[in-house]
Amino acid sequence: MWLAAAAPSLARRLLFLGPPPPPLLLLLFSRSSRRRRRLHSLGLAAMPEKRPFERLPADVSPINYSLCLKPDLLDFTFEGKLEAAAQVRQATNQIVMNCADIDIITASYAPEGDEEIHATGFNYQNEDEKVTLSFPSTLQTGTGTLKIDFVGELNDKMKGFYRSKYTTPSGEVRYAAVTQFEATDARRAFPCWDEPAIKATFDISLVVPKDRVALSNMNVIDRKPYPDDENLVEVKFARTPVMSTYLVAFVVGEYDFVETRSKDGVCVRVYTPVGKAEQGKFALEVAAKTLPFYKDYFNVPYPLPKIDLIAIADFAAGAMENWGLVTYRETALLIDPKNSCSSSRQWVALVVGHELAHQWFGNLVTMEWWTHLWLNEGFASWIEYLCVDHCFPEYDIWTQFVSADYTRAQELDALDNSHPIEVSVGHPSEVDEIFDAISYSKGASVIRMLHDYIGDKDFKKGMNMYLTKFQQKNAATEDLWESLENASGKPIAAVMNTWTKQMGFPLIYVEAEQVEDDRLLRLSQKKFCAGGSYVGEDCPQWMVPITISTSEDPNQAKLKILMDKPEMNVVLKNVKPDQWVKLNLGTVGFYRTQYSSAMLESLLPGIRDLSLPPVDRLGLQNDLFSLLHKQADMQEEKNRIERVLGATLLPDLIQKVLTFALSVSYSENCI
Ligand code: BES
Ligand code: ZN
């Protein structure tokens, strides 16, 4: 039986922010998002013109980066030394890399067992954030070492290698040096092949003041005095697995930490501002529960010996999944045990669950290009709920998913200026534009629907196939569909393409007829548009997994179908005339339902006696409200509903909306 998970989105983020509004209002009207400060409102951000863009040439690629950085926390500069083991695949006399806001001092290439060749020119293409190193002779195919000495600024832009201001407990202002590389800012910290599919291993060392904490993706393997300055130490970290540049991270600053070992043997630490270690304990508990959950779910162990979660004072995103060193803004990680509300704890649990999911989905298997970013983020935005539901069942977190993410995604996606989840991305400047509520919340919602359609057992099997097949490599959306298709025997790619490649979602109209002991349902689908009926030639169609429940067992699907045509008739066997029939158990399907008046009326007893599950009532109310909303001449009635919604308990509210809809204005022609 499919599990009837219910629940939310991007808009969800409001849910977890600030002082909690009264519960009913929160549930029904949480429409803004605490999730990502950078989310664009649909249609408001002017789309810059597409710039011509070329990926890096494939003639030279990295095998290992040996990188030493020496930040100066007083004059906000850093010195860097890179020694990259590289492979020349095609003879060339130039190497093109990504590089931005960095000055290269010297560069050379030494073919293995041969003499060093010094680069004679560094040609910066600032617009493209690239540098071309020119060599006086041809670099022959084979391996060699590329050495680059460079300097840069610890900037105040919260990207690349940047400075973050904090105040010590005694009131002194100081700076930490931290990184934020996703999507394309590793190139601001060191010259590199800054594309997600160009993976390599990293040996990182940091030269730092001896009284500062120095962290990177891996555990420390050596710490020794720095020869030129007795106040400095050189901290060397273990070699990373093969990984993408956007997941590299380092932090130098003053922090306290709390520590534990997860049951699967991973050393987990939460780093907090000095004097606030207590506030890291909740996130530590979440992380220690979360790691074994994902290990079991994916049936793939966490591949690093440690994971650090650190609260950064100045942080642009909500959190960032750097492999083994996850960075968070303080409000997404710290919980004051004496003064926190449960919505803050739920938020921290979700963010930790989200970023730790990326340690597998994103870090171990990485998207081939930014076009597949929606999958990375949509998947993590779904599984964070699965994880929190597992670790903290008392939160009833799926209800929040429906009231926030799912609801928000449907509201936005019903607008004419929405966009498909999957948009092709060329130039890196386009990457930021696609991190919006559609990629996060609709992405999470359609994956939730997919998980429900496939069933947990086969879904897990498919995830394991995908993560095992592509580990330490890159994959595209189609690769996940293929694994899930193999695991389930269902037409996953065909179904999912209708949800990811076209914008919007369907309205399913349904009417019923009693035929002896059976109920005959007539279903039809049409694009749901917030502004009125769909006008246009070919109305888009979706392959819609539909569940149908009856009053006999409101928590169980009596029938599951895949609606793969504009119209479909379905026979429900053995349904008595007095039983109600409802679509979309658990509000899992990403569609709205419009019932015939008779079907809608028959649902009233299930609402009245609360036998219809809460998330189903919520979905029904949402659908009704949005259908009423579409009618411009109904402003007065709408105001009335809003007054009712603001003042009544949920079940009554739905009943009133339904009663109102039936008695006053709801009609079958209202689309
Ligand atoms: N990978 C993202 C953060 C990110 C995305 C940084 C794009 C830079 C560019 C991370 O996993 C994420 O999604 N963070 C969210 C919080 C999360 C709980 C939804 C954020 O930053 O809002
Ligand atoms: Zn994410």
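Counting starts at 1 for both ligands and their atoms, in listed order.
Of the options Tyr406, Phe459, Tyr440, Phe361, a ring-ring contact (aromatic ring centres under 6.0 Å, His included) to Trp382 is made by Phe459 and by none of the others.
Heavy-atom contacts of Glu321 reach the following atoms of ligand 1: 1 (N), 2 (C), 10 (C), 11 (O) (cutoff under 4.0 Å). In the vicinity of His358, heavy-atom distances shorter than 4.0 Å reach the ligand 1 atoms 11 (O). Those atoms of ligand 1 that come under 4.0 Å of a heavy atom in Gly318, given as number and element, are 20 (C), 21 (O), 22 (O). Every atom of ligand 1 is numbered from 1 in the order shown, and the set under 4.0 Å from a heavy atom of Ala317 is 21 (O). Less than 4.0 angstrom separates some heavy atom of Gln180 from each of these atoms of ligand 1: 6 (C), 8 (C). Taking every heavy atom of Glu355 and a limit of under 4.0 angstrom, the matching atoms of ligand 1 come to 10 (C), 11 (O), 12 (C), 14 (N), 16 (C), 17 (C). Below 4.0 Å from some heavy atom of Tyr440 lie the following atoms of ligand 1, by number and element: 2 (C), 12 (C), 13 (O), 19 (C).
Closest to atom 8 (C) of ligand 1 by heavy atom, among Glu182, Lys159, Glu377, Glu384, is Glu182.
Side-chain contact of Ser483 with Lys469: a donor-acceptor pair under 3.5 Å is absent, judged by distance alone. Judged purely by distance below 3.5 Å, without hydrogens or angles, the side chains of His358 and Glu377 pair a donor atom with an acceptor atom. Checking Thr407 against Asn622 by side-chain atom types alone, a donor-acceptor pair falls below 3.5 Å. Defined by atom type and a distance below 3.5 Å, a donor-acceptor pair is present between the side-chain atoms of His419 and Asp436.
Heavy atoms of Ala319 come nearer than 4.0 angstrom to ligand 1 in at least one pair. In this structure, Arg329 does not count as a contact residue of ligand 1, since none of its heavy atoms falls inside 4.0 Å of the ligand.
Side-chain rings of Tyr65 and Phe190 approach one another, their centers coming within less than 6.0 Å. Residues Tyr591 and Phe505 keep their aromatic ring centres 6.0 Å or farther apart. Ring centroids of Trp369 and Phe53 are separated by less than 6.0 Å, placing the two rings close together.
A salt bridge does not link Asp308 with Arg269: every distance from a Lys NZ or Arg NE/NH1/NH2 to an Asp or Glu carboxylate oxygen is 4.0 Å or more.
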Criterion side chain to side chain contact (heavy atoms under 4.5 Å, CB included) on Trp370 and Tyr246, from CA distance to verdict
CA-CA 11 Å; Trp370 299 110; Tyr246 81 91; 3.9 Å; yes
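Counting only distances under 2.8 Å, and ignoring water, the protein N, O or S atoms around the Zn ion (ligand 2) are His354 NE2, His358 NE2, Glu377 OE1.
Other residues, nucleotides and ligands contribute over 12 non-hydrogen atoms within 6.0 Å of the CD atom of Glu394.
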